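Take a look at the structure below.
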Amino acid sequence: MGPCPPGKYLLCESFDDTEIGAIPPGWVRHGDPIGVADDAAVSGSRSLKMGPIPVWERRIYHDAAALGSGHWGRIRYKVALPVPDAFVHSTLVALYGKGPTTGDQEVRVVDTVKEDVDGWNNDGNGNHFQYLYNVQPNGPEFGKGSDYDWKFDDQWHCAEWHIDGPTQSYDFYVDGAIVEQISIANGPGNYAGSEIPDAFSEVRIGWVNYQESPPGFTAWIDDVALDDERIGCQD
C-alpha cells in the first residue's frame, strides 16, 4: 500500500503518483525550481525536489483545516553537498495561522540555521547547523534554538514534530530522537515564546532561505504525513 494508505492519515503525500516536474493535486506551487523528481527517494521512486537559487522560496502549500488544534507530522529530507558557505536560516516545514496574541503568522516546525564556513562566532567549526522552533508574525520573529550539533550530509533523515495549541506545546525529533533543547511546554494560556494557534490554514513544505547563499541549496523531501497520532520513522 506504500506510505500513504487511503484514509490512514489526515494528510499524506509520497509523490509517487505525480508526473515528473509537476506537484501533487491539492498542493499549490510557490517559487521555483520545485517539482517531483525521480533522482532520489525513500519509498517508491519519486520525491519532491527543490533546485538551487541564491535566496527565498521553493515550496508547496496545502490546506490545513483537517489538522485541528494539534497534530503530529513527519517528513524525510536530504540536502545535497556541497552546501553554501553562508550563514543562512532555512525552513523546510511551516504552518500558517493566527497566533493567540500576535495575529497572522508562520510557525516554522522544521527549521534550521547554518553557520558560515568559519563557524558560529568564528570558532572554526564550519558549516554546522542548529534546529529551531521559529515564529514569524507581522512583527519581530522569535523562537527557541538548539546547539549547532548537525551537518548536512547528502543522506536521508527523518524529521518529526508535535505541536498543540491548547497546551502551547511543541516537540521535535530527528531520526527518532527528541531534540530536547527546543521543546516547549508552556501550558494552557501561556503564549510567550510559543504563540501556537488553535487552528492552521496552511501547511507549507519545501525550502526557503532568508539570506543570500549562492549558489543555493538542492534538497529533496519525501513521505510527508500529518496525523492525530505519532507516525514515526518506520512507516
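Keep in mind that this is a model prediction, so the values were computed, not measured.
In this structure, the side chain of Thr167 does not engage the main chain of Gly187 through any donor-acceptor pair within 3.5 Å. Checking side-chain atoms of Glu160 against main-chain N and O of Arg74 turns up no donor-acceptor pair under 3.5 Å. The backbone N or O of His128 sits less than 3.5 Å from a side-chain atom of Glu115, completing a donor-acceptor pair. Using a distance-only test at 3.5 Å, with no hydrogens or angles considered, a donor-acceptor pair links the side chain of Ser47 to the main chain of Ala40. Remark: side-chain polar atoms of Gln105 are paired, donor with acceptor, to backbone N or O of Glu195 under 3.5 angstrom. No donor-acceptor pair closer than 3.5 Å links the side chain of Gln168 to the backbone N or O of Gly189. A distance-only check finds no donor-acceptor pair linking the side chain of Asp147 to the backbone of Asp149 [under 3.5 Å]. Within the 3.5 Å criterion, the main-chain N or O of Glu202 finds no donor-acceptor partner in the side chain of Tyr61. Of the possible polar contacts, none joining the Ser69 side chain to the Gly165 backbone as a donor-acceptor pair under 3.5 Å is found.
A side-chain contact (heavy atoms from CB on, under 4.5 Å) with Arg58 holds for exactly one of Thr218, Leu48, Asn209; it is Asn209. In summary, of the residues considered (Asp175, Asp223, Asp222), a side-chain hydrogen bond (donor to acceptor under 3.5 Å, both in side chains) with Arg76 occurs for Asp223 alone. When each of Trp207, Trp56, Phe129 is checked for a ring pair (Phe, Tyr, Trp, His ring centres under 6.0 Å) with Phe217, only Trp207 meets the rule. Just one residue in the list Leu226, Val224, Asp227 forms a side-chain contact (heavy atoms from CB on, under 4.5 Å) with Tyr9, and that residue is Asp227.
Atom-to-atom distance recorded for Thr102:OG1 and Phe142:CZ is 5.0 Å, nearest 0.5 angstrom. To the nearest 0.5 Å, the span separating CG on Leu132 from CZ on Phe172 amounts to 9.5 Å. Note that NZ of Lys78 and CG of Leu81 are 9.5 Å apart. Values are rounded to the nearest 0.5 Å. Of the inter-residue distances, the one linking Arg204 atom CZ with Trp27 atom CH2 reads 12.0 Å to the nearest 0.5 angstrom. With rounding to the nearest 0.5 Å, the separation of CZ in Arg46 from OG in Ser14 is 10.5 Å. Summarising the geometry, atom OG belonging to Ser45 is positioned 7.0 Å from atom CD1 belonging to Ile20; distances are rounded to the nearest 0.5 Å.
Using a 4.5 Å heavy-atom threshold, the side chains of Lys114 and Tyr148 count as separate. Lys98 places a side-chain heavy atom less than 4.5 Å from the side chain of Asp104. No side-chain heavy atom of Pro24 sits under 4.5 Å from any side-chain heavy atom of His62. For the pair Asn127 and Phe152, the minimum side-chain heavy-atom distance is 4.5 Å or more. Within the 4.5 Å cutoff, the side chain of Phe200 has heavy atoms near those of the Ile163 side chain. You'll find the side chain of Met50 reaches within 4.5 Å of the side chain of Ile221, heavy atoms only. A heavy-atom distance below 4.5 Å is found between the side chains of His71 and Leu95. Side-chain atoms of Gln130 and Gln181, non-hydrogen and from C-beta on, never get closer than 4.5 Å to each other.
Ring planes of His157 and Tyr77: tilted class, angle from 30 to 60°.
Tyr96 and Leu11 end up in different hydrophobic clusters when Ile, Leu, Val, Met, Phe, Trp and Tyr side chains are linked at under 4.5 Å. The same ILVMFWY cluster, assembled from side-chain heavy atoms under 4.5 Å apart, contains both Leu10 and Val109. In this structure, Val174 is a member of the same hydrophobic cluster as Leu92, with clusters built from ILVMFWY side-chain heavy atoms closer than 4.5 Å. Grouping the Ile, Leu, Val, Met, Phe, Trp and Tyr side chains by contacts below 4.5 angstrom, directly or via other members, places Ile184 with Trp161. Val208 and Val203 are assigned to two separate hydrophobic clusters, defined by single-linkage of ILVMFWY side chains at heavy-atom distances under 4.5 Å.
Between Ile196 and Ser169, the closest heavy-atom pair is CD1-O, 3.4 Å. Looking at every heavy atom in both residues, Gly35 comes nearest to Ile23 through CA-CG2, 4.4 Å. The two residues Val107 and Pro197 have their closest heavy-atom pair at CG2-CD, 4.1 Å. Among all heavy-atom pairs drawn from Pro25 and Thr18, the shortest one is CD-OG1, 4.3 Å. In this structure, Asp32 and Ile53 approach most closely via the heavy-atom pair O-CG2, 3.8 Å. Across all non-hydrogen atoms, the minimal contact from Pro3 to Cys12 is O-SG, 3.4 Å.
Here the two rings, on Tyr131 and Tyr133, have centers that are 6.0 Å apart or farther.
By the salt bridge (charged side-chain N to carboxylate O under 4.0 Å, His left out) test, Arg59 pairs with Glu57, Glu106, sequence neighbours left out. With sequence neighbours left out, His89 forms a side-chain hydrogen bond (donor to acceptor under 3.5 Å, both in side chains) with Asp111.
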Evaluation steps, side-chain contact (heavy atoms from CB on, under 4.5 Å), between Asp85 and Asp116: CA-CA 5 Å; Asp85 288 336; Asp116 65 19; 5.8 Å; no
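Few gaps surround CG on Asn190; more than 12 heavy atoms of other groups in view lie less than 6.0 Å from it.
Through side-chain heavy atoms spaced under 4.5 Å, either directly or across other Ile, Leu, Val, Met, Phe, Trp or Tyr residues, Tyr173 is tied to Trp72, Ile178.
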